[in-house]
Amino acid sequence: MLKKYTEKRDFNKTPEPKGDKKPRTTKNKSLSFVVQEHAATRLHFDFRLEFNGVLLSWAIPKGPSLNTNDKRLAVMTEDHPLDYANFEGIIPSGYGAGEVIVWDRGIYLPLDKNEESISGIIEAEKLIKNGLKEGKLLFKLEGKKLKGIWTLVRMKKTEKDWLLIKHKDEFASEKSHPWKDDSILSGETLSDLQNAKSSPTKKKIEKKSAPKPVGVQKQKTAEKKILKSGLPKFSPPMLATLAAETFTNKDWVFEPKLDGIRALSYVNGGDVEIFSRRGQLLAGRYPSLTEELAQYKNNFVIDGEIVAFDKNNRPSFEKLQERSGLTKATDIKIAEQVNPIKYYVFDILFLDGRDLRQLSLSERKNFLHKSVSSSEHIEIIEELGYNGNNAYQACIDNGLEGVVGKRLSSTYQINRRSTDWLKVKGTFTDEFIICGYTQGTGGRKDTFGALILGEYSPTNKLVHVCSVGTGFDDKKIKQMLSTMKPLQTKNCPFAKRPQGLDNPTWVEPKLVAEIKFAERTKDNSLRVPVFLHLREDIEPKKVKPKAIVIDPSVLVNEASPKTIANEASVRKTSKKKAEKGSTKVTSEIAEILSQLDNENENLQLIVEGNKINFSSLNKSYWPGYASQATITKRHYLRYLASVSPWLLPHLHDRLITLIRFPQGIQGQKFFQKHWSDNLPDFVETVRVFTEHENKDLDFLLCNNLSTLLWLGQIADLELHTAHTRINALPDAKNLPTKFTGSVENLEKSLLNYPDFMVFDLDPYLYSGAEKKGDEPELHRKGFKETCRAAFWFKELFDQLSLNAFVKTSGKTGLHIYVPIKRNIDYDKVREISQTICKHILVKHPTKVTTDWSVSKRKGKVFLDHNMNARSKSLASIFSPRVSKEAAVSTPLGWDELEEIYPTDFTIETLPLRLKEKGDLWADILSRKNDLASLFSSLSTII
DNA sequence: GAAATCC
DNA sequence: GGATTTCAACGCCCT
DNA sequence: AGGGCG
Ligand SMILES: [Mn+2]
Ligand SMILES: [Mn+2]
């Protein structure tokens with residue numbers, strides 16, 4: 001399994017180690033590097049590590065772990081392998097436990113959080129969080145390099161936590177993995193590892209530093225401070241009562257139920273304390289939130305929920321728990337960047353010395369909106385209206401836990417679980433005791449099928465609850481198995497032996513698991529249980545059924561369901577917008593629009609005779625903000641259908657690049673040019689040779705309405721097209737249409753002769769609010785400068801008598817398209833476009849740039865001629881863009897440039913403009929310029 | 001988002 | 001049926 | 001040649 005990497009390795013010319021003691025692992029002559037000085041010192045200077053282009057700076061820990069007599073850094077190669085059998089998770093002597101360990105299959109970086117390593121750890125965590133954990137590695141040492149595709153993995157080995165950078169395919173096959181019993185904790189994080197390993201050390205620390213008195217003292221001082229400043233002292237917050245189902249009632253308002261921790265903030269002119277439900281001090285854990293609250297110069301007490309997010313930007317209690325465990329300032333510093341939180345505020349208790357708690361919720365909400373505004377870590381919770389069923393459905397669809405309904409007239413009742421606040425949850429979690437496991441089948445016949453769960457009855461008898469077989473990946477299964485093995489016993493631990501279990505293996509009831517489930521059934525079982533994780537902090541004996549169960553029917557009645565019928569009917573009569581005013585809106589489109597005008601989550605449409613299934617129609621693709629409403633998948637599909645008469649001609653016969661966002665614009669994205677699954681037969685493709693694969697591949701086209709809507713279904717939120725077409729008409733009848741077999745064929749063909757010379761104008765004027773590494777955000781000055789640059793192009797094109805078209809890119813800049821006869825190929829077009837850009841650069845060197853390196857573009861408008869290339873594509877006109885405003889790339893008249901702003905044209909507003917102004921680019925292909933004749937004289941003109 | 005795989 | 005995992009570009013520019 | 005870039 002190592003053969004693949006032979007060519008890629010760069011270390012195999014390194015000299016053999018000389019003399020002294022050989023490391024235990026080198027009996028097969030593993031290769032070492034002789035470094036002249038102390039390894040740590042040397043590495044400090046000579047070692048550079050980049051992953052996916054991100055510099056991972058890492059300090060090599062100094063200290064007793066490093067033996068100063070060891071002057072070798074081991075570099076294992078295939079010819080000189082590590083003796084895995086004897087490796088046993090112990091770092092070979094001679095390498096020092098604190099060093100960066102380099103071998104042919106991976107690099108280990110210690111996750112010791114000292115000042116110098118923090119930035120490296122943060123960057124690595126960000127890469128992992130952003131799904132970039134697999135990618136390109138550059139590791140330079142002693143002038144030599146390791147390259148290739150590698151993967152970042154956090155893992156725990158021996159006593160230490162490490163970041164492992166491993167070869168892409170390494171460990172793919174468990175059987176041959178020499179460390180198969182090692183836990184590769186890919187899904188877990190620094191803090192998990194920190195917590196998991198630190199139980200013994202924690203106790204030591206507790207003894208040493210006696211945290212209890214410190215904590216008490218701290219809390220006291222905090223209270224004192226608050227009392228002194230005129231704010232009341234902490235009292236526990238009002239709580240919601242669990243209800244079984246939602247309802248609709250105009251006297252109520254629903255809010256999303258966020259899975260985080262409750263937090264009351266006491267703010268007094270720069271002094272801030274944040275309390276948990278039980279009065280623990282939280283401010284220290286969330287320094288940037290605390291800082292933001294400290295910006296307020298008045299005093300108030302607000303109530304809300306602190307939330308962390310998973311990779312799809314959904315609230316995640318697990319991610320928040322990672323934060324809660326952190327105590328060290330350095331850990332918190334890392335987490336603030338890698339795992340940021342948001343404080344969703346939903347109530348205000350005091351304001352400027354006034355007690356608001358006896359006011360009604362609606363009055364308090366008014367005060368809240370007046371006194372607190374959104375900032376990076378603070379947001380006022382969204383109100384979802386009085387239709388609880390809709391609110392609930394929307395929340396569940398968006399991966400939220402459920403909703404909380406609140407009576408608008410209710411007061412704030414401290415320290416009380418009130419029925420004026422009702423929460424409705426989709427799922428539950430609880431702890432259960434692992435009492436054994438069943439035999440697995442198929443791929444799991446050698447491990448286990450399901451865990452057998454139990455809990456203690458009120459009479460302290462261990463009773464069987466159910467089995468749970470989902471929620472494990474292979475790694476979790478292995479971990480669980482090794483955790484359970486030592487606890488195996490012949491005796492069934494239950495008071496009454498349960499029947500019908502598949503060849504059970506019993507274990508002593510010592511492990512506690514957290515289980516998610518949909519419902520607790522009457523026979524004491526769980527519906528759709530899913531294993532989450534072990535709970536090492538809970539005593540098995542304490543695992544009993546949750547005591548208080550409230551009769552939901554009482555609560556629903558209390559919420560006056562009388563009005564439900566009325567409201568529901570109001571909701572249903574949502575009027576259908578008439579799509580009229582243009583001859584282009586065919587009856588087919590009108591039919592599609594009307595069929596999409598309902599609240600169904602899923603829908604099958606017949607489009608052009610094709611059955612197309614649509615799903616998740618209420619999913620938010622562009623979430624709302626400020627006054628802007630959320631754009632759901634349904635809205636997006638309606639947009640596509642309504643602009644299709646204008647859009648489709650510009651897509652026709654062009655290879656498209658999809659940019660897909662299945663979880664909406666805040667979720668993960670990816671590019672796609674091919675479709676390997678079952679392609680609907682209305683989607684046309686074209687086979688084209690690709691250089692990097694050295695073979696022919698099928699590329700997608702969007703030549704009909706069915707395909708356009710299908711692209712919407714698969715969450716392709718941007719429509720990018722090539723500048724070439726597979727159609728020779730009308731100006732390229734002589735060009736070959738064979739695109740397959742070789743680059744030569746492709747270069748001779750139509751697909752090397754573009755319809756346009758394009759210029760991509762991007763303002764690299766930063767607003768200052770961008771996060772480090774982000775592109776410049778849209779702002780007035782940047783766009784204005786871009787327009788100025790565009791006019792310089794226009795001036796030149798006028799001199800050259802060239803027809804040129806301009807459009808907003810939909811993001812921050814402009815695109816200029818010069819339609820050309822297909823008599824010059826991409827190389828020539830690019831050359832001409834480069835000449836043009838350089839010409840403008842010479843005239844306005846302080847305003848524009850053509851520099852390829854992003855860092856040198858700062859403050860200027862980037863004139864990008866490089867988009868004139870075969871594999872490049874640009875957002876088509878009428879393509880939405882992934883920005884919070886849902887702006888759309890829009891054709892402009894040159895005379896409009898002065899007046900407009902990119903966000904004037906959005907999914908919401910563009911259809912109207914189209915109906916009024918039509919397509920300003922409709923004739924772009926019939927207004928082609930002949931660049932071939934211009935080309936010969938270009939140098940004299942410019 | 002879709003498909004495959006496992007419960 | 002539900003949960004989980006995996007997968008989903010490309011080639012020119014620059015040094 | 002490999003990472004940078006859009
Ligand atoms: Mn660009
Ligand atoms: Mn651009």
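Residue numbers start from 1 in every chain, and the chains themselves are labelled A, B, ... in the order their sequence lines are given, proteins ahead of strands. Bear in mind that the values here come from a model prediction, so they are computed numbers and not experimental data.
Using a 4.0 Å heavy-atom cutoff across all strands shown, A/F759 reaches no nucleic acid atom at all. Nucleic acid contact for A/V854: sugar-phosphate only, since backbone atoms but no base atoms lie under 4.0 Å from a heavy atom of the residue. Looking at heavy-atom distances under 4.0 Å, A/F661 makes no contact with the nucleic acid at all. Nucleic acid contact class of A/K619 (heavy atoms, under 4.0 Å, all strands): sugar-phosphate only. Among the heavy atoms of the strands lying under 4.0 Å from A/K633 are primed sugar atoms or P, OP1, OP2 only; no base atom is included.
Comparing the P positions of C/dG11 and B/dG1 gives a spacing of 28 Å, expressed to the nearest Å. Going from the C1' atom of D/dG6 to that of C/dC7 covers 23 Å, rounded to whole Å.
Residue pairs meeting the salt bridge (Lys or Arg N to Asp or Glu O under 4.0 Å) criterion with at least one partner in residues 851-875 of chain A, sequence neighbours excluded, are A/E691-A/R870. Applying the salt bridge (Lys or Arg N to Asp or Glu O under 4.0 Å) test to pairs two or more places apart or on separate chains, those with a residue in residues 748-765 of chain A are A/R654-A/D755, A/R725-A/D755, A/D755-A/R822, A/D755-A/K928.
Taking side-chain N and O atoms only, A/S873 has no distance below 4.0 Å to OP1 or OP2 of C/dA9. For the pair A/Y764 and D/dC5, the criterion of a side-chain N or O lying under 4.0 Å from OP1 or OP2 is not met. An OP1 or OP2 oxygen of B/dG1 is reached within less than 4.0 angstrom by a side-chain nitrogen or oxygen of A/Y621.
Less than 4.0 Å separates DNA chain C from at least one heavy atom of each of the following residues of residues 670-687 of chain A: A/F670, A/F671, A/Q672, A/K673, A/H674.
For A/Q713, counting side-chain heavy atoms from C-beta on, the closest listed nucleotide (D/dG6, B/dG1, C/dG11) is B/dG1. Taking the side chain of A/S616 as heavy atoms from C-beta on, and the options B/dG1, C/dA3, D/dG6, the nearest nucleotide is B/dG1. Candidate nucleotides B/dG1, D/dG6, C/dC10 were compared by shortest atom distance to the side chain of A/I714, and B/dG1 ranks first.
Nucleotide B/dC6 holds its C1' atom 16 Å from the CD atom of A/Q439, rounded to whole Å. To the nearest angstrom, P of B/dC7 lies 16 Å from CD1 of A/I515. Atom CG in A/L655 sits about 10 Å away from atom P in C/dC10, given to the nearest Å. A/I612 places its CD1 atom 15 Å from the C1' atom of B/dG1, with the value rounded to the nearest Å. When rounded to the nearest whole Å, the span between NE2 of A/H720 and C1' of C/dC10 equals 14 Å. The NE2 atom of A/H692 sits 16 Å away from the P atom of D/dG3 (whole-angstrom rounding).
You'll find the ring centres of A/H815 and A/F759 outside the 6.0 Å limit.
Legend: residues meeting side-chain hydrogen bond (donor to acceptor under 3.5 Å, both in side chains) with A/D696, ordered by chain and number and at least two apart, are absent. By the side-chain hydrogen bond (donor to acceptor under 3.5 Å, both in side chains) test, A/Y621 pairs with no residue at all, sequence neighbours left out. Every residue two or more places apart in sequence or in another chain was checked for a side-chain hydrogen bond (donor to acceptor under 3.5 Å, both in side chains) with A/H865, and none qualifies. Every residue meeting the side-chain hydrogen bond (donor to acceptor under 3.5 Å, both in side chains) condition with A/N868, not counting sequence neighbours, appears here in chain and number order: A/S833. Remark: A/E777 engages no residue in a salt bridge (charged side-chain N to carboxylate O under 4.0 Å, His left out) (not counting sequence neighbours).
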Using a cutoff of under 3.5 Å, can you pull out all pairs of nitrogen or oxygen atoms linking the protein to nucleotides 12-15 of chain C, with atom names and distances?
unit_1: C/dC13; atom_1: OP1; unit_2: A/R830; atom_2: NE; d: 3.3

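A salt bridge is absent between A/D825 and A/K828; no separation between the charged side-chain nitrogens and carboxylate oxygens falls under 4.0 Å.
Shown are A/F661, A/Y636, A/Y639; of these, the ring pair (Phe, Tyr, Trp, His ring centres under 6.0 Å) with A/W622 is made only by A/Y636.
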